[in-house]
There are 2 protein chains.
Amino acid sequence: MSETNISVPLAPLPPRSCKGLTDVLASVGDKWTIRVVGELARGSLRYNELQRRVGGISQRMLTLTLKRLEVDGIVTRTLFPSVPPRVDYELTELGQTLRAALLPLSQWAAKNRQAIEANRERAGK
Amino acid sequence: MSETNISVPLAPLPPRSCKGLTDVLASVGDKWTIRVVGELARGSLRYNELQRRVGGISQRMLTLTLKRLEVDGIVTRTLFPSVPPRVDYELTELGQTLRAALLPLSQWAAKNRQAIEANRERAGK
DNA sequence: CGGCATCCCGTTGGATACTG
DNA sequence: CAGTATCCAACGGGATGCCG
């Protein structure tokens with residue numbers, strides 16, 4: 001616990017602040033969070049619509065993911081007390097900055113995924 | 001397998017290419033990979049030195065992590081057949097580009113971690 | 001020194017059923 | 001519609017011991 005030193009990362013991936021990054025990635029780098037944030041990037045969505053768009057996520061995981069994002073201040077949850085009930089999820093400003101910070105990695109992934117798979121192929125044999 | 005559509009992400013977190021991102025994060029966003037890449041960012045390191053620097057990683061996890069990074073073409077493994085043996089790990093050019101792509105997220109984490117923890121505090125009570 | 005093999009337990013997360 | 005609750009299988013990952 002005495003190891004929560006996080007100076008601002010000016011140097012390339014400063015080792016001391018890496019623990020902060022690890023924490024964030026533990027929260028953001030799981031199987032579903034990125035997908036959810038990505039779908040919410042373009043605007044608010046209802047629970048079911050979100051589940052449909054993400055594709056493959058279980059109710060349990062969607063709920064847990066959204067709850068954590070809400071607690072972290074990444075998304076807002078808006079309940080319309082109608083019948084049937086309606087709940088909208090939307091990125092907060094913090095969420096938007098996260099999405100922006102994710103972009104370079106997204107581009108890197110798109111650009112290098114095939115190269116990585118080719119590497120795996122070669123190494124695998 | 002018919003869903004490997006990855007157009008270049010020009011739009012903010014393009015949903016269709018998000019699966020590529022998810023794959024990459026599944027590979028890169030685990031508990032240790034970022035830390036290892038971060039430590040290797042400044043130059044090559046030996047196995048034990050790497051384990052010491054990362055701190056808290058078990059031999060098993062360090063070995064598995066390095067193996068996957070090697071297979072993916074992110075790091076190189078160089079064996080010096082001396083006695084006792086010596087093995088150096090180093091980022092490849094691809095690894096360097098990954099590190100660069102990780103920087104914005106690293107900065108976001110450093111900048112917003114406290115805010116997130118404050119949010120959790122409020123929401124938790 | 002730099003690993004690999006094995007055991008084992010805690011967590012993750014899917015499937016299913018139920019509720020306001 | 002938008003969840004909650006429970007069960008259970010799969011996986012991650014630490015500890016330990018052995019080897020070239």
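In what follows, chains are A, B, ... by sequence order, proteins preceding strands, each numbered from 1.
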**OP:** Please collect all salt bridge (Lys or Arg N to Asp or Glu O under 4.0 Å) contacts where either partner lies in residues 72-85 of chain A, sequence neighbours excluded, each pair once.
**Re:** Asp72(A)-Arg120(B)
Subject >> Degree of bending, the helix from dC1(C)-dG20(D) to dG20(C)-dC1(D) (end axes from five pairs; round to 10°) >> reply: 50°
Subject >> Thr63(A) vs Leu66(A), side-chain contact (heavy atoms from CB on, under 4.5 Å): CA-CA, chis, key distance, verdict >> reply: CA-CA 5 Å; Thr63(A) 299; Leu66(A) 286 171; over 6 Å; no
Original post:
Any side-chain heavy atom of Trp32(B) within less than 4.5 Å of one from Ile57(B)?
Top reply: yes
Original post:
Any side-chain heavy-atom pair from Gln107(A) and Leu103(A) closer than 4.5 angstrom?
Top reply: yes
Subject >> Option among Leu62(A), Leu45(A), Leu40(A), Thr76(A) that satisfies the side chain to side chain contact (heavy atoms under 4.5 Å, CB included) test with Tyr89(A) >> reply: Leu40(A)
**OP:** Return the set of residues passing side-chain contact (heavy atoms from CB on, under 4.5 Å) with Arg46(B) (not counting sequence neighbours), or none when no residue passes.
**Re:** Glu49(B), Arg86(B), Asp88(B)
**OP:** Could you point out which residue of Ile74(B), Val28(B), Asp30(B) forms a side chain to side chain contact (heavy atoms under 4.5 Å, CB included) with Arg68(B)?
**Re:** Asp30(B)
Original post:
Taking any atom under 4.0 angstrom from a heavy atom of chain A, which nucleotides of DNA chain C are the first and last to qualify, 5' to 3'?
Top reply: dG13(C) to dG20(C)
Original post:
Between Pro85(A) and Asp88(B), who's closer to the 5' end of DNA chain C by nearest nucleotide?
Top reply: Asp88(B)
Subject >> pair Leu98(A)-Leu105(B): side-chain heavy atoms closer than 4.5 Å >> reply: yes
Subject >> Close side-chain approach of Arg113(B) to Trp108(B), heavy-atom, < 4.5 Å >> reply: no
**OP:** Using chain B heavy atoms and a threshold of under 4.0 Å, write down where along DNA chain D the contacts begin and end, 5' to 3'.
**Re:** dG13(D) to dG20(D)
**OP:** For residues Thr78(A) and Val87(A), determine if any side-chain heavy atom of one lies less than 4.5 Å from a side-chain heavy atom of the other.
**Re:** no
Original post:
Taking for each residue the nucleotide of DNA chain D bearing the nearest heavy atom, is the 5' side occupied by Arg77(A) or by Arg60(A)?
Top reply: Arg77(A)
Original post:
With a 4.0 Å cut-off on heavy atoms, is Tyr89(A) in touch with a base, just the backbone sugar-phosphate, or nothing at all?
Top reply: sugar-phosphate
Subject >> Minimum heavy-atom distance Ala123(B)-Val71(A), with the two atoms named >> reply: CB-CG1, 3.9 Å
Original post:
Using a heavy-atom distance cut-off of less than 4.0 Å, which residues of residues 63-72 of chain A contact DNA chain D?
Top reply: Thr63(A), Lys67(A)
**OP:** Mind listing the closest non-hydrogen atom pair of Gln96(A) and Ala41(A) along with its distance?
**Re:** NE2-O, 4.0 Å
Original post:
Any salt bridge between Glu39(B) and Arg35(B), counting N to O under 4.0 Å?
Top reply: no
